[in-house]
Q: 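Got a structure for you, questions after.
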Amino acid sequence: MKSILINTTEESYPVFVGNEAINELPALLKSLSPSKVLIVTDTNVDQLYGNMLVDMVEQEWTAYKYVINSGEAAKSFDMFYDLHSYALKQELDRKSVIIAFGGGVVGDLTGFVAATYMRGVPFIQVPTTLLAHDSAVGGKVAINHPEGKNMIGAFYQPKAVVYDSNFLQSLPTNELRSGFAEVIKHSLIRSESLYQFLYSEIRHLEDITTDKLQRMILEGIQIKADVVSKDEKELGLRAILNFGHTLGHAVEAEAGYGKLSHGDSIAIGMLFATWLSNKTLNVTLPYFELKSWFKAIGFPTEVPDSQTTDQLINKMKKDKKTKSNQLTMILLEEIGVTTSVLFSEDELYSLLDEWRAEERGEKG
């Protein structure tokens, strides 16, 4: 097992990664001296591991468990309100600790509840998916709005992240693929060596061994930690973590939350951002190499035909990085080196339309 320290302007906290990392949890709780502990998980994780975690916590503390439906639709106002109501009913106070036990949805929702319950109570992230290696670190917590993903939220750091890789063994293929998209993103924005490792060693999802998984998780978290420590609240550098997300979030929202996975949506966004980099920055990134690799892994490689460019641009305009109707795109100067470029709505519409037409032409 290994640990990484996340340093932010307000505090530092550990991320424990490896087999049996969950055994670090009792000591972490002891250091927080909780009056009560609320475990929030989803239906899938609860079936597999819910009782195990409750049993571990109940040995020393009063524990409650709240189970949400699995899937992106749970990141809603209604579920946010229901969780607050449950916490109040169980008389949680400011010394209580909330544990987010699940994937990115559970972590985002639970973190936002912790950030707002009684103006903030401590919480611990216990991620169970590969995707959550990204979302559990860095303190971005949020719920969705029909008009956009993660539009209502806060920056609120956990007290610790406990990432036990044993939990990943039960991941279905689509969840593994979704998380792998964020690993690829970290390599593209910050580490050519990680990209070359992933590209050469993992041609298909079946190639992900325990050792390779451990390496990609540790390197991905280290990249995220480095960026977050320099720019906790996304005032500059941290925006590079949104590579592929401007279009990706629009595609995901337009499909209807839960219809197209986050990772599949981001894969489409990364391909467009790579094509756009070549088109507008006069660089020669390996676009077709990336596209054929994505196809082999099982990612979609173009926007669904049912989504119009108009619909997507309207969603992209609501992106949190948009300023004065100028849309910000994170692009690549080379693998591992990013830049930020502003486009007018008309410019980006035209370029997105051109990319889609090229992809359709190639498919036809």
Q: For Ile202, is there any backbone N or O sitting under 3.5 Å from a side-chain donor or acceptor partner on Trp293?
A: yes
Q: How long is the straight-line distance from OG1 of Thr110 back to CD1 of Ile39, given to the nearest 0.5 Å?
A: 11.0 Å
Q: If we only count heavy atoms from C-beta on, is the Val303 to Trp355 side-chain gap below 4.5 Å?
A: yes
Q: When you check the side-chain N and O atoms of Ser135 and His262, is any donor under 3.5 Å from an acceptor?
A: no
Q: Check for a donor-acceptor pair, side chain of Lys212 on one end and backbone N or O of Glu201 on the other, with a separation under 3.5 Å.
A: yes
Q: Measure the shortest side-chain to side-chain distance between Val37 and Tyr64 over non-hydrogen atoms and say whether it is less than 4.5 angstrom.
A: no
Q: Could you give the distance from NZ (Lys140) to CG (Leu241), rounded to the nearest 0.5 Å?
A: 7.0 Å
Q: When rounded to the nearest 0.5 angstrom, what distance separates CG in Leu290 from CD1 in Ile335?
A: 7.5 Å
Q: Less than 4.0 Å between a side-chain N and a carboxylate O, is that true for Lys230 and Asp226?
A: yes
Q: Does the side-chain hydrogen bond (donor to acceptor under 3.5 Å, both in side chains) test come out yes or no for His133 and Glu182, once each step is laid out?
A: CA-CA 8 Å; His133 92 278; Glu182 291 286 2; over 6 Å; no
Q: Under the side-chain contact (heavy atoms from CB on, under 4.5 Å) test, which residues partner Thr43, sequence neighbours left out?
A: Val67, Asn69, Ser70
Q: Counting only N and O atoms by type, is there a donor-acceptor contact under 3.5 Å from the side chain of Thr116 to the main-chain atoms of Arg119?
A: no
Q: To the closest 0.5 Å, what do you measure between CG (Leu348) and NZ (Lys317)?
A: 11.5 Å
Q: Are the side chains of Asn314 and Glu254 in contact, using a 4.5 Å heavy-atom criterion?
A: no
Q: Relative to the ring of His145, is the ring of Phe77 parallel (under 30°), tilted (30 to 60°) or perpendicular (over 60°)?
A: perpendicular
Q: Can you check whether Tyr86 and Tyr81 have ring centres sitting under 6.0 Å from each other?
A: no
Q: For the backbone of Val137 and the side chain of Lys224, can you confirm whether one donor and one acceptor N or O come within less than 3.5 Å of each other?
A: yes
Q: Is a side-chain N or O of His186 found less than 3.5 angstrom from the main chain of Ile184, in a donor-acceptor match?
A: no
Q: Using the six-membered ring wherever Trp is involved, compare the ring planes of Tyr195 and Tyr199 and label them parallel, tilted or perpendicular (cut-offs 30° and 60°).
A: parallel
Q: Using a strict cut-off of less than 4.0 Å between a Lys/Arg side-chain nitrogen and an Asp/Glu carboxylate oxygen, indicate whether Glu147 and Lys315 qualify as a salt bridge.
A: no
Q: Between Tyr49 and Ser170, does a side-chain hydrogen bond (donor to acceptor under 3.5 Å, both in side chains) hold up when you go through it step by step?
A: CA-CA 10 Å; Tyr49 310 114; Ser170 56; 2.8 Å; yes
Q: Check this for me: does any side-chain nitrogen of one of Lys36 and Asp93 sit under 4.0 Å from a carboxylate oxygen of the other?
A: no
Q: Regarding Ser96 and Ser35, do their side chains bring together a donor and an acceptor under 3.5 Å, going by distance alone?
A: yes
Q: Compare every heavy atom of Asn144 with every heavy atom of Lys149, then report the nearest pair and how far apart it is.
A: CG-OD1, 3.3 Å
Q: Would a distance-only check, ignoring hydrogens and angles, find a side-chain to backbone donor-acceptor pair under 3.5 Å from Gln307 to Pro304?
A: no
Q: Roughly how far, to the nearest 0.5 Å, is OG1 of Thr301 from CG of Asp264?
A: 10.5 Å
Q: Could you tell me whether Arg356 and Glu302 have a side-chain N and a carboxylate O separated by less than 4.0 Å?
A: no
Q: Do Val141 and Asp108 make a side-chain contact, defined as non-hydrogen atoms from C-beta onward lying under 4.5 Å apart?
A: no
Q: Would you kindly say whether Asn19 and Ser165 are connected by a side-chain donor-acceptor distance under 3.5 Å?
A: yes
Q: Look only at the side chain of His204 and the backbone of Glu206, and say whether a donor-acceptor pair between them is shorter than 3.5 Å.
A: no
Q: Is there a side-chain contact between Thr328 and Thr246, using heavy atoms and a 4.5 Å cut-off?
A: no
Q: Please tabulate, one pair per line, all N/O donor-acceptor pairs under 3.5 Å involving side-chain atoms of residues 152-164, not counting sequence neighbours.
A:
unit_1 : atom_1 : unit_2 : atom_2 : d
Tyr156 : OH     : Val121 : N      : 3.2
Tyr156 : OH     : Val121 : O      : 2.8
Gln157 : OE1    : Tyr13  : OH     : 2.7
Gln157 : OE1    : Gly139 : N      : 3.3
Gln157 : NE2    : Gly138 : O      : 2.9
Gln157 : NE2    : Glu232 : OE2    : 3.2
Lys159 : NZ     : Glu11  : OE1    : 3.3
Tyr163 : OH     : Thr129 : O      : 2.5
Asp164 : OD1    : Glu20  : N      : 3.2
Asp164 : OD1    : Asn166 : N      : 2.9
Asp164 : OD1    : Asn166 : ND2    : 3.3
Asp164 : OD2    : Glu20  : N      : 3.2
Asp164 : OD2    : Ala21  : N      : 3.2
Asp164 : OD2    : Ile22  : N      : 3.2

Q: Is the count of non-hydrogen atoms from other residues, nucleotides or ligands lying under 6.0 Å from Asn282 atom CG greater than 12?
A: no
Q: Considering only NZ, NE, NH1 and NH2 on the basic side and carboxylate oxygens on the acidic side, decide whether Lys185 and Asp134 come within less than 4.0 Å.
A: yes
Q: Any side-chain to backbone donor/acceptor pair from Asp207 onto Arg203? Under 3.5 Å, distance only.
A: yes
Q: Below 4.0 angstrom, N of the basic side chain to O of the carboxylate: do Glu72 and Lys259 qualify?
A: no
Q: Has the side chain of Asn278 got a donor or acceptor atom that lies under 3.5 Å from a matching backbone atom of Trp275?
A: no
Q: Less than 3.5 Å apart, any donor N or O on the side chain of Asn7 or Ser12 sitting next to an acceptor on the other?
A: yes
Q: Is there side-chain contact between Ile297 and Phe180, with at least one heavy-atom pair below 4.5 Å?
A: yes
Q: Is it the case that the side chain of Gln311 and the backbone of Thr308 share a donor-acceptor pair, with hydrogens and angles ignored and the cut-off at 3.5 Å?
A: yes
